[in-house]
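Read through the structure below, which is laid out as structure tokens, and then see the notes.
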Protein chains: 2
Amino acid sequence: MAQRGTRHQIVKAADDLFYRQGFEHTSFADIAKVVNISRGNFYHHFKSKDEILDAVIEARLQRTERMLVDWEEEGASPQDRIKRYLRILLTNWTMIKDYGCPVGTLCTELAKLNHGSKDEASKVFTLFRLWLKQQFTLLGCRDEADGLALHVLAWSQGVATLGNAFNDLEYVTREVDKMCAWLDSL
Amino acid sequence: MAQRGTRHQIVKAADDLFYRQGFEHTSFADIAKVVNISRGNFYHHFKSKDEILDAVIEARLQRTERMLVDWEEEGASPQDRIKRYLRILLTNWTMIKDYGCPVGTLCTELAKLNHGSKDEASKVFTLFRLWLKQQFTLLGCRDEADGLALHVLAWSQGVATLGNAFNDLEYVTREVDKMCAWLDSL
DNA sequence: GTCTATACCATGATAGAC
DNA sequence: GTCTATCATGGTATAGAC
């Protein structure tokens, strides 16, 4: 029980630090400081740093899945649900402006490292893609549903990257408004 | 003269490696191997790794500026020029699929490191932004020119990130086609 | 201008005491 | 299950010979 507790704390701290500092830039010492354990004690829970990464990705996948189920129940219409997705850019702005999109930035970092878990990381994108596709299907855009899902995904991803680079909340707000208007025009 | 030659070689090798491996993951040893000089010899040309980064960013800014001037002369119409920009996604696909967009990935990495040169790096985005704005102004979209420029920038950035994550050339091709069609409809 | 040698530190990882 | 001590490696950076 205590083991599970510590393990969980390690994953939680690593999840946060991998997002804010990047995977490679985060050391065991960084995580140990947050969790308040010694560096050596890590290896009782994980055999390597890569194993921690896998656990973090797994946690993100589960968290994302839960969030999408919640959104499924929250939003009255498919449009409302997609707008709920678009609004993450604004609700998470304080993080995005400093650290970018958690999904996209991990994928690109792992791609450059040619890391074995890069495909696993991109599955988070796939979760959003399938969920968005489902919403567009409900909207009656059956044949184009996947294309529209990818369109929304790319749009939000690009806005997150540029919003981060220019540190410009007004721009992001304008873009989200535009995206919502485009949605209503479908 | 030989000094300038070596310095130039270091910047060129670092430019390539920072793109393919990321800034932090690239060591002096990596660059030294390419340039074929000793590690110690670096400090005759640069005081620190950050100085090499600044030189790389400066080189990228100049290269981008030259490229945009070339495109200015190449394309007959503003649409043709913007399409020239969009097609980078396809002409540079072999690099993008493995390493993402050179501009966006550096900006996000430096943002996470909270690196002092992150604003300098995002100036490459600004170059594209102003150039695109100019093209849209020539197209007669004066009031919306900057918004449209940012729209194209975000669009291409998002497609690069997703294309990289999913390693899907067909998707990128479809998106570029869609972007070109949207351009013609303006 | 280039080299070798080296200092110094942080990293991921291991071994073994408690 | 947690700790301390330790290791090998590789990082940035410096000093000084040629």
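Below, chains carry the letters A, B, ... as their sequence lines are ordered, and counting in each starts from 1.
Separating the CD1 atom of B:I10 from the P atom of D:dT12 is a distance of 13 Å, rounded to the nearest angstrom. Taking atom CD of residue B:E51 and atom C1' of nucleotide D:dT12, one finds them 14 Å apart after rounding to whole Å. For the pair B:H8 NE2 and C:dG1 C1', the computed distance is 19 Å after rounding to whole Å. Note: CZ (B:F46) to P (D:dT12) measures 14 Å, nearest angstrom. Taking atom NE2 on B:H45 and atom C1' on D:dT12, their separation rounds to 17 Å, with Å as the unit. Protein atom CD1 of B:I31 is 15 Å distant from nucleotide atom C1' of D:dG10, rounded to whole Å. Between the NZ atom of B:K33 and the P atom of D:dG10 there is a distance of 10 Å, rounded to whole Å. Rounded to whole angstrom, the span from the NE2 atom of B:H44 across to the P atom of C:dG1 amounts to 4 Å.
Distances shorter than 4.0 Å separate none of the side-chain N or O atoms of B:H25 from OP1 or OP2 on D:dG11. The side chain of A:T6 contributes an N or O atom lying less than 4.0 Å from OP1 or OP2 of D:dT2.
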In residues 107-115 of chain A, what donor-acceptor pairs under 3.5 Å come from side-chain atoms, sequence neighbours left out?
{"unit_1": "A:T108", "atom_1": "OG1", "unit_2": "A:G104", "atom_2": "O", "d": "3.2"}
{"unit_1": "A:T108", "atom_1": "OG1", "unit_2": "A:T105", "atom_2": "O", "d": "3.1"}
{"unit_1": "A:E109", "atom_1": "OE1", "unit_2": "A:F23", "atom_2": "N", "d": "2.9"}
{"unit_1": "A:E109", "atom_1": "OE2", "unit_2": "A:F23", "atom_2": "N", "d": "3.2"}
{"unit_1": "A:E109", "atom_1": "OE2", "unit_2": "A:E24", "atom_2": "N", "d": "2.9"}
{"unit_1": "A:K112", "atom_1": "NZ", "unit_2": "B:Y19", "atom_2": "O", "d": "2.6"}
{"unit_1": "A:K112", "atom_1": "NZ", "unit_2": "B:Y99", "atom_2": "O", "d": "2.9"}
{"unit_1": "A:K112", "atom_1": "NZ", "unit_2": "B:T105", "atom_2": "OG1", "d": "3.0"}
{"unit_1": "A:H115", "atom_1": "ND1", "unit_2": "A:S117", "atom_2": "N", "d": "2.9"}
{"unit_1": "A:H115", "atom_1": "NE2", "unit_2": "A:D50", "atom_2": "OD1", "d": "2.9"}

Going 5' to 3' through nucleotides 12-18 of chain C and flagging B where a protein heavy-atom sits under 4.0 Å of the base, S where only the sugar-phosphate is that close, and - otherwise, we get BBB----
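If you look at B:F128 and B:Y85, their ring centroids are closer than 6.0 Å.
A:L130 and A:L61 are not part of a single hydrophobic cluster, where members link through side-chain heavy atoms under 4.5 Å apart.
Note that B:R60 lies outside the cation-pi zone of B:F18, set by a 6.0 Å cut-off to the ring centre and a 45° limit from the axis.
Side chains of B:Q79 and B:Q135: a donor-acceptor N/O pair is absent below 3.5 angstrom, by distance only.
The two residues A:G75 and A:R81 come nearest to each other via the heavy atoms O-NE, 3.3 Å.
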